[in-house]
Amino acid sequence: MKLILLGAPGAGKGTQAEFLSKELGIPTISTGNILREAIKNGTPTGLKAKSFMDQGQLVPDEVIIGIVEERVSRDDCRKGYILDGVPRTLHQARELNRFGVAIDQVVSIELDDAVIEARMTGRRVCSGCGESYHIKANPPKIDGICDDCGSPLIVRPDDNAETVRARLAVYHQMTEQLKGYYADLGKLKLVQGHQAIDAVHRDILAALGVSV
Ligand code: ADP
Ligand code: AMP
């Protein structure tokens, strides 16, 4: 299964991708996590991406396309994968077709901007594996420590109120139109993100027609 999780920044894509990845036995490809790792390691890609990310702007398409093309060619992607945070532009969506990514299903997690701004202030992410937590809605078992890999949790530098507003504006301007693109292809399902994490998860499984 090749699946795209669409939705505004903070809608819950990473949280839901984590469940689906375990249940479906396929990896999640999060371009945001890949870019943050590249910045941490000081790679040329990281250096190129950092200023865009700090300002809440999109990293240029050619950088993203290069990352995804390389990642989907790896062995662990043979059974499928979940794209989290990509595509974010029509050009990225069309480029996926060019290098042979045939998407089966697209789920958009729908959430109002006002709720997103509130959620982002409570987000904590793992500095090791990138897993997403929330101080109230999804706290780790041990305060400040990732359940999965034991690394410290941090606040993302782009989760401050001003940058979140910039990212939401970019979402509405550049990314939201992908819903129309995938709806026209008959692949889009909408799921309400205003619910508890497990209810969103249940609705995504129903939308995908998957029972686990
Ligand atoms: P995205 O990957 O779409 O940017 P995340 O999965 O990181 O979003 O979720 C953003 C924040 O909201 C995180 O702190 C996460 O724990 C929290 N969160 C995700 N889903 C829900 C939900 N259904 N209810 C409350 N908080 C949620
Ligand atoms: P995310 O972790 O998905 O919220 O992404 C964090 C930041 O990484 C975004 O605000 C962008 O600057 C950059 N980014 C991640 N994925 C993409 C993408 N597909 N296209 C462009 N920029 C991206």
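Counting starts at 1 for both ligands and their atoms, following the listed order. Any value given below was found using the heavy atoms of this structure, including those in side chains, with hydrogens, waters and symmetry copies removed. The structure presented is a predicted model; accordingly, all values stated were derived computationally and were not measured.
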Does [X] have more than 12 heavy atoms from other residues, nucleotides or ligands lying within 6.0 Å of its [atom1]?
X	atom1	result
Arg78	CZ	no
Asn41	CG	yes
Gln173	CD	no

**Salt bridge present between Asp76 and Arg74 (N-O < 4.0 angstrom)** =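 So Asp76 does not pair with Arg74 through a salt bridge.
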**Item:** Lys/Arg-Asp/Glu bridge criterion (N-O < 4.0 Å) met for Arg165, Glu162
**Value:**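 Salt bridge absent between Arg165 and Glu162.
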Nearest neighbour in protein (non-hydrogen) for [atom]:
atom	answer
atom 8 (O) of ligand 1	Gly12 N, 3.2 Å
atom 14 (O) of ligand 1	Tyr133 O, 2.7 Å
atom 12 (O) of ligand 1	Arg119 CD, 3.4 Å
atom 19 (C) of ligand 1	Thr15 OG1, 3.5 Å
atom 11 (C) of ligand 1	Arg123 CD, 4.1 Å
atom 4 (O) of ligand 1	Gly10 N, 2.8 Å
atom 23 (N) of ligand 1	Gln195 O, 2.7 Å
atom 2 (O) of ligand 1	Gly14 N, 2.8 Å

**Atoms of ligand 1, numbered as shown, that sit under 4.0 Å from any heavy atom of Lys13** =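 This gives 1 (P), 2 (O), 3 (O), 4 (O), 6 (O), 8 (O) as the contact atoms.
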**Request:** Report, in ascending order of atom number, the atoms of ligand 1 lying under 4.0 Å from any heavy atom of Ala137.
**Result:**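 Listed by number with element, the hits are 25 (C), 26 (N).
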**Request:** For side chain to side chain contact (heavy atoms under 4.5 Å, CB included), just list the numbers for Gln16 and Ile197, CA-CA rounded to whole Å, side-chain angles, deciding distance to a tenth of an Å, and then say yes or no.
**Result:** CA-CA 8 Å; Gln16 298 297 332; Ile197 290 174; 3.8 Å; yes
**Message:** Please determine whether side chain to side chain contact (heavy atoms under 4.5 Å, CB included) holds for the pair Phe52 and Leu35, giving the CA-CA distance in whole Å, both sets of side-chain angles, and the decisive distance to 0.1 Å.
**Reply:** CA-CA 11 Å; Phe52 294 99; Leu35 291 167; over 6 Å; no
**Request:** Measure the distances from the heavy atoms of Ala11 to every atom of ligand 1 and state whether one is below 4.0 angstrom.
**Result:**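 Ala11 counts as a contact of ligand 1 under the 4.0 Å cut-off.
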**Asked** Are any of the N/O atoms in Ser132 less than 3.5 Å from those in ligand 1?
**Response**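 Between Ser132 and ligand 1, an N or O pair is found under 3.5 Å apart.
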**Message:** Give the residues near ligand 2 by chain and number, with the criterion being a heavy-atom distance under 4.0 Å.
**Reply:**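 Within 4.0 Å of ligand 2, the protein residues are Thr31, Gly32, Leu35, Arg36, Met53, Gln57, Leu58, Val59, Ile64, Gly85, Val86, Arg88, Gln92, Arg156, Asp158, Arg167.
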**Message:** Donor-acceptor check, side chain of Asp112 to backbone of Val115, threshold 3.5 angstrom: yes or no?
**Reply:**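 No, because the side chain of Asp112 does not come within donor-acceptor range (under 3.5 Å) of the backbone of Val115.
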**Asked** So which bit of Ala196 gets within less than 4.0 Å of ligand 1, heavy atoms only: side chain, backbone, both or neither?
**Response**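 For Ala196, the contact with ligand 1 is made by the backbone alone.
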**Item:** Contact list for residues 122-132, test salt bridge (charged side-chain N to carboxylate O under 4.0 Å, His left out), sequence neighbours left out
**Value:**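 Passing the test, one end in residues 122-132: Arg123-Asp159.
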